[in-house]
Amino acid sequence: MTHKYPKGPRLRLGFLTSHGGSNMQSIIDACVSGDLEADPVVAISNNSGSEALARARAAGIPTLHLSGATHPDPGALDAVMADSLSSCKVDVVCLAGYMKKIGPKTLDRFQGRIINIHPSLLPKHGGPGMYGLRVHEAVLAAGEKVSGATVHLVDASYDTGPVLAQTEVDIRDCATAEEVAGRVLKAEHALYVQTLKQIAAGHIELG
Ligand code: GRF
């Protein structure tokens, strides 16, 4: 199936989250302010107590907890995720701090329409185990003077799909991974909204 953007008046966004949800929040805020012509239609988390789900509820967005606890069989979990996103008529699936791999049914159903943000300049400092402060510790250990954030298409592996957009962050005066993380997270918020604006405007075409 081919989806051309803009395909309707507004993009319908589905979020997959695990913990904080600050990237999701920045996108919600941009939708509410009118900066981004899109509607958040569902937020799914594998963590029922996550701040991300609380943020979505506060914004009046339908939420779902889907995890190995709700669906012990990975195939069933994948199927219910794909069906939930479909039934909400999601155009673009936005991973925002989601820590799990996406199953084959969901990948197939939303082929080329699942995007993720990663807190480094991929392909540097990505892949299995590279999440949270580990990314920024690796950046400092490598002696990088510049880090940044990447929005990319999601495939069956971690952090390997085609890059859609990147932004650089000067980290020369950062002494700790926490400092790098804070600076990069701020840049992530802007980059994710900017990338979705490009998608909504048809300047970036998804699958
Ligand atoms: C972000 O740094 C994002 O790049 C990474 O996980 C973090 C999620 O933060 N994938 P939040 O949940 O959006 O606050």
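Computed from heavy atoms alone, side chains included, the values below leave out hydrogens, waters and symmetry copies.
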task: Keeping to residues at least two apart or across chains, list the salt bridge (charged side-chain N to carboxylate O under 4.0 Å, His left out) pairs with something in residues 114-132.
output: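 Only K124-E144 qualify under salt bridge (charged side-chain N to carboxylate O under 4.0 Å, His left out).
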- prompt: Of I102, I117, T17, I115, which is the lone residue that meets side-chain contact (heavy atoms from CB on, under 4.5 Å) with L95?
  reply: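 Only one option passes, and that is I102.
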Option from L185, V193, L191 for which side-chain contact (heavy atoms from CB on, under 4.5 Å) with H189 holds: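 With H189 as partner, L185, V193, L191 yield a single side-chain contact (heavy atoms from CB on, under 4.5 Å), made by L185.
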Shortest non-hydrogen contact from [X] to [Y]?
X: G148; Y: V184; value: O-CG1, 3.4 Å
X: A52; Y: G21; value: CB-CA, 3.7 Å
X: Y158; Y: M99; value: OH-O, 3.6 Å
X: A43; Y: L53; value: O-CD2, 3.7 Å
X: H118; Y: G126; value: NE2-CA, 3.7 Å
X: S157; Y: K101; value: CA-CE, 4.3 Å

When rounded to the nearest 0.5 angstrom, what is the spacing between [atom1] in [X] and [atom2] in [Y]?
X: L64; Y: S48; atom1: CG; atom2: OG; result: 12.0 Å
X: H136; Y: L140; atom1: NE2; atom2: CG; result: 9.5 Å
X: I204; Y: T195; atom1: CD1; atom2: OG1; result: 5.5 Å
X: I28; Y: L36; atom1: CD1; atom2: CG; result: 11.0 Å
X: D91; Y: C94; atom1: CG; atom2: SG; result: 10.0 Å
X: L16; Y: N46; atom1: CG; atom2: CG; result: 9.0 Å

task: Look at the side chain of R10 and the backbone N and O of A38, then say whether any donor-acceptor pair between them is shorter than 3.5 Å.
output: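 Checked: pair present.
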query: Is the side chain of R57 donor-acceptor paired with the backbone N or O of T63 at a distance under 3.5 Å, no angle test?
result: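 No; zero donor-acceptor contacts below 3.5 Å.
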Between [X] and [Y], is any pair of side-chain heavy atoms under 4.5 Å apart?
X: I44; Y: L85; answer: yes
X: S84; Y: L66; answer: yes
X: C31; Y: L13; answer: yes

- prompt: side chain to side chain donor-acceptor pair (under 3.5 Å): which pairs involve residues 145-154, sequence neighbours left out?
  reply: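 For residues 145-154: N116-H152, T150-Q166.
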query: Are D173 and R183 within salt-bridge range, i.e. N to O under 4.0 Å?
result: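 R183 and D173: salt-bridged.
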- prompt: Who passes side chain to side chain contact (heavy atoms under 4.5 Å, CB included) against S86, sequence neighbours left out?
  reply: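 Testing S86 for side chain to side chain contact (heavy atoms under 4.5 Å, CB included), a comparison that skips the adjacent residues, returns R109, F110.
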- prompt: Is it the case that N47 and S18 place a side-chain donor and acceptor less than 3.5 Å from each other?
  reply: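 Short answer, no.
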